Amino acid sequence: MHCAVKEKERAGVINPILTCQPCGAQYASIGIEDCIGIVHGGQGCVMFVRLLFSQHFKESFDIASSSLHEDGAVFGATHRVEEAVDVLLMRYPDVKVIPIITTCSTEVIGDDIDGVVLKLNNELLPEKYAGREVHLIPVHTPSFKGSMVSGYDVAVKDFVSYFAKKGEPNGKLNLITGWVNPGDVAALKHLLAQMQVEATVLFEIEDFDSPLMPSGREVSHGSTTIEDLRGTANALGTIALNRYEGGQTAEYLESEFEVPAIIGPTPIGIRNTDIFLQSVKKMTGKEIPQSLVRERGIAIDALTDLTHMFFADKKVAIYGNADLVIGLAEFCIDLEMKPVLLLLGDDNTKYPNDPRIKALEEKVDFNMEIIMNADLWELENRIKNEGLELDLILGHSKGRFVSIDNNIPMVRVGFPTYDRAGLYRHPVVGYQGAVWLAEQMANTLFTDMEYKKNKEWILNVW
Amino acid sequence: MKDKVEQLVDYIMKKCLWQFHSRSWDRERQNKEILTKTMQILCDEPVEKETPTDKCYWVDAVCLADAFKSRYAWLAAMDKVEIKLLMQKLKDRMDYLTVTGSLNEELNDPHY
Amino acid sequence: MPYHEFECSKCIPERKKHAVIKGPGEDLTSALPLGYLNTIPGSISERGCAYCGAKHVIGTPMKDVIHMSHGPVGCTYDTWQTKRYISDNDNFQLKYTYATDMKEKHVIFGAEKLLKQNIIEAFKAFPNIKRMTLYQTCASALIGDDINAIAQEVMDEMPEVDIFVCNSPGFGGPSQSGGHHKINIAWINQKVGNVEPKITSDYVINYVGEYNIQGDQEVMIDYFKRMGIQVLSTFTGNGSYDDLRAMHRAHLNVLECARSAEYICNELRVRYGTPRLDIDGFGFGPLSDSLRKVGLFFGIEDRAQAIIDEETARWKPELDWYKERLQGKKVCLWPGGSKLWHWAHVIHEEMGVEVVSVYTKFGHQGDMEKGISREVAKKLRVPYLNAHAYHNGPWKGYEGWVRFARDIYNAIYSPIHQLAFVDISKDEIATDTKFVTQKILSDGNVSEEVKSSNELREYTGKYDNLTTIREKTYPEYPLQKKLSVV
């Protein structure tokens with residue numbers, strides 16, 4: 001009875017869990033006001049990522065392409081970046097921030113985008129756009145390294161390090177949320193509001209869930225400003241909720257501007273939310289108010305109704321972004337469930353030394369496998385060919401057929417979740433997130449019992 | 001006559017799938033084969049349709065002739081000489097619109 | 001000046017030629033927007049890349065195949081589960097996708113060994129699948145891996161498998177269309193003629209340029225089977241790899257989407273003398289014409305006519321129910337490449353709907369020659385339909401066309417759509433209106449005669465109309481002629 005940390009043995013990927021780095025940089029870019037990224041690569045690298053975002057949010061997001069074509073692949077394509085910046089500035093008079101996001105192709109051909117940015121800063125901007133505030137930020141995200149998770153991490157760091165500027169202390173907290181949904185941001189801001197803490201949230205993405213107003217549809221876009229980014233250097237401290245999605249930015253702010261950093265844990269579940277609030281308290285000196293004690297109590301009450309009766313001993317497999325997977329696993333353990341298989345979708349070499357994974361290795365007293373650099377075949381093959389029995393799967397929509405074809409109920413969580421309605425609106429973090437997640441899991445199990453006629457009568461008297 | 005040609009052109013443009021092959025030599029051939037066979041049908045002349053290739057043009061011609069007859073009553077009032085002239089002008093116009101006068105820059109690509 | 005300059009394009013003079021407004025008295029020779037041009041950098045483009053045009057659009061709908069991309073994981077992930085090309089083998093091609101997962105060290109030292117390992121692993125994971133398509137990506141093209149050589153090596157070592165290689169990196173062409181072309185030509189060069197099929201009918205076709213979006217292919221195949229026609233292969237929706245190696249034995253290539261698949265038809269004509277007949281499964285008129293033409297070609301037009309009569313009698317009253325209620329309504333269509341032009345006409349003719357804007361992301365000029373007769377109208381809140389993926393398809397076939405009309409009707413006459421215009425801070429809110437039904441909305445301007453018609457009726461088909469097709473049996477038409485292939 002132990003927890004084994006392994007790496008996928010196959011060389012290739014059958015049904016990937018994560019996509020490549022540029023997607024992560026693009027996700028970060030849409031969180032910033034007046035920002036449109038240019039992805040330097042083939043058109044598919046943008047078109048499909050925009051499609052992915054619109055599948056998840058049912059909204060459309062603006063990201064541009066340098067549209068690399070044959071000639072550029074042969075002779076270099078930095079001129080296409082120059083042209084792209086010009087076109088974007090002409091067409092979008094409000095755009096101020098333009099990250100230039102590389103891909104595998106433009107990294108392989110060795111286009112010097114840092115050089116291009118320098119050139120544009122010296123020539124095009126003063127000559128044609130004098131007086132206009134424009135920030136060109138090179139973001140290197142070759143697709144053959146890391147994953148969308150590291151791409152997000154890199155981009156957050158690039159944005160912050162570009163803008164952060166020492167000034168007067170602003171008394172605010174930096175909250176780096178990691179790759180989350182609008183519902184998560186709302187839940188986190190609720191917790192901070194209860195503690196009367198002012199924060200700079202990276203990124204303000206609540207408006208991704210945009211309304212259809214009588215006057216027309218509002219555009220979905222993030223609203224973190226350049227001022228917000230500048231001010232990160234002057235904060236009381238930084239809390240990065242996810243180690244691999246913003247963690248290095250917190251470290252950067254600490255080493256560069258002496259802004260104290262706390263990294264993690266991802267506040268999924270009661271315990272991790274408690275720790276988050278303690279961190280906020282420690283950094284700001286603010287007390288945790290009775291309102292949150294009460295909110296927590298309601299959550300605990302809701303969970304108590306479910307744990308021993310329905311969750312106990314249920315075997316769960318979880319896949320997705322590492323921080324999310326680990327957070328969910330810890331929560332499941334508190335709910336008396338047995339997360340028997342954790343699939344981390346990329347090959348980050350830091351995972352084996354992650355204290356949370358170390359703790360699982362030391363403390364877990366049932367059989368658990370943690371697979372690094374995993375794909376969805378690691379899950380499906382175990383179910384189909386190796387006799388793995390599961391009661392529940394937690395993961396995003398790309399794995400939907402594992403659930404469908406093997407008759408295992410699944411709760412959609414993470415990114416993307418396009419095959420369920422409105423999940424981006426609901427938090428998985430905080431006490432609210434704990435209740436939402438637990439009740440989703442319970443209702444999913446209940447529906448499954450009914451479809452399979454598996455002790456469905458039990459609920460007659462619950 | 002010009003107005004009649006334009007009516008036929010309009011029908012072809014809106015309805016026919018055979019006219020917009022992607023290379024000029026194919027377009028010329030399609031225009032020639034299908035419109036000639038259509039003319040022959042309209043003039044009750046024998047139509048070559050023994051080979052699969054001819055059969056395929058003939059199929060489109062049959063449908064086109066039927067459509068012309070049912071839509072344009074004035075056709076019935078024309079004699080064969082007039083129909084031949086009309087169809088020749090139609091072909092010339094189609095050649096101009098889809099081949100010689102076309103602004104499509106891909107028509108002369110030597111490969112498929 | 002017929003070229004239309006959008007407000008947003010004023011700053012980019014060369015973009016002027018991308019859109020036109022056709023004026024009175026002008027014809028195509030005076031105005032044709034440029035298509036298939038390189039995208040202007042900095043555009044927020046809906047265009048994909050040549051890799052997706054090959055792999056995602058044409059390759060992957062093949063159903064009994066491992067579809068593997070040689071490159072980093074993103075190309076594979078991003079094109080996976082973003083289209084509805086289904087199949088009758090439980091959607092194997094939708095469910096599984098394969099990436100060789102190229103990393104930095106492979107970029108530096110080459111990834112051919114990695115590729116070989118991947119191929120062997122994938123066949124091992126799915127022992128019942130013996131066919132593979134292999135796609136180059138930007139990264140593997142740039143580092144110069146010899147994919148063909150590796151594929152051949154594996155085929156030599158594992159004689160039971162067959163691998164098709166498509167070298168169509170993302171940067172190869174202005175849009176997905178470059179990839180359509182490359183995979184067409186690659187398939188006929190590498191695979192056609194490799195397999196001799198069993199001929200079971202006097203009438204043998206390939207159905208080309210059909211991707212079985214939501215079941216379109218199965219709907220159309222049903223008609224062909226009822227006519228006693230053998231469909232040797234479908235390129236490529238719901239199509240089988242080995243069937244597509246036998247394309248050279250068909251008597252006729254029936255071509256649906258010319259934009260993506262005319263190249264292979266043209267080559268089949270040049271190399272094997274197989275004629276190309278362009279058909280169209282959208283709309284009662286075009287579909288009936290198409291079936292009639294195929295019937296005429298084989299001298300079985302009576303069989304075609306029987307189907308046309310039966311299907312029209314069954315579904316026309318339902319189409320007309322919607323037509324009466326859609327007269328003069330405007331919709332915005334976002335089709336794929338080739339359907340631009342005749343959709344607008346057929347929708348107008350058979351449903352009474354005005355199509356106010358057609359727009360193509362990877363069409364060539366040839367498609368717009370067909371399409372520019374209508375002004376580009378810019379109007380917010382015109383109901384929009386994605387003709388690329390469909391709402392509740394299939395939309396091909398007689399029943400399918402009624403489903404399309406029903407989807408348009410549902411898009412236009414939505415009580416929620418009506419509520420969206422209300423500003424509760426300004427408008428007078430009617431307190432006596434608790435709800436409106438769709439019919440209350442749609443029937444306001446419809447005559448009593450139409451409303452009380454016993455003839456017309458709403459769509460009566462099922463949500464899933466494919467299962468019954470898959471379970472069907474067909475009349476037998478014994479072979480008459482001596483087989484040319486033994």
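Residue numbering restarts at 1 for every chain, and letters A, B, ... go by the order of the sequence lines. Owing to the predicted nature of the structure, the values given are computational and were not obtained by experimental measurement.
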Find the distance between CG (Asp289(C)) and CG (Leu17(B)) and round it off to the nearest 0.5 Å. 9.0 Å

Worked check of side chain to side chain contact (heavy atoms under 4.5 Å, CB included) between Leu296(C) and Cys63(B): CA-CA 10 Å; Leu296(C) 275 169; Cys63(B) 292; 4.3 Å; yes

Under 4.5 Å from any heavy atom of chain B - which part of Leu255(C): neither

Regarding Asp26(B) and Arg269(C), does a basic nitrogen lie under 4.0 Å from an acidic carboxylate oxygen? yes

Determine the minimum heavy-atom distance between His21(B) and Glu262(C), stating which atoms define it. CA-OE1, 4.2 Å

Taking side chain as C-beta onward, heavy atoms only, is His345(C) less than 4.5 Å from Met13(B)? no

Please give me the minimum heavy-atom distance between Ser22(B) and Asn266(C), naming the atom from each residue. OG-ND2, 4.5 Å

So which part of Glu301(C) gets closer than 4.5 Å to some heavy atom of chain B, the side chain, the backbone, both or neither? neither

Spatial distance of atom CG (Asp280(C)) from atom SG (Cys16(B)) [nearest 0.5 Å]: 11.5 Å

Of all heavy-atom pairs linking Leu277(C) and Val59(B), the shortest is CD1-CG1, 4.1 Å

Considering only heavy atoms, which portion of Ile264(C) lies under 4.5 Å from any heavy atom of chain B: side chain, backbone, both, or neither? neither

For Tyr112(B), does its backbone N or O pair with a side-chain atom of His181(C) as donor and acceptor, under 3.5 Å? yes

Above 12 or not: heavy atoms from other molecules or residues under 6.0 Å from NZ of Lys32(B)? no

For Arg276(C) and Cys56(B), which heavy atoms make the closest approach, and how far apart are they? O-SG, 3.5 Å

Under 4.0 Å between a side-chain nitrogen and a carboxylate oxygen: does that hold for Asp66(B) and Arg292(C)? yes

Mark yes or no for whether Lys55(B), through its side chain, and Phe297(C), through its backbone, hold a donor-acceptor pair below 3.5 Å. yes

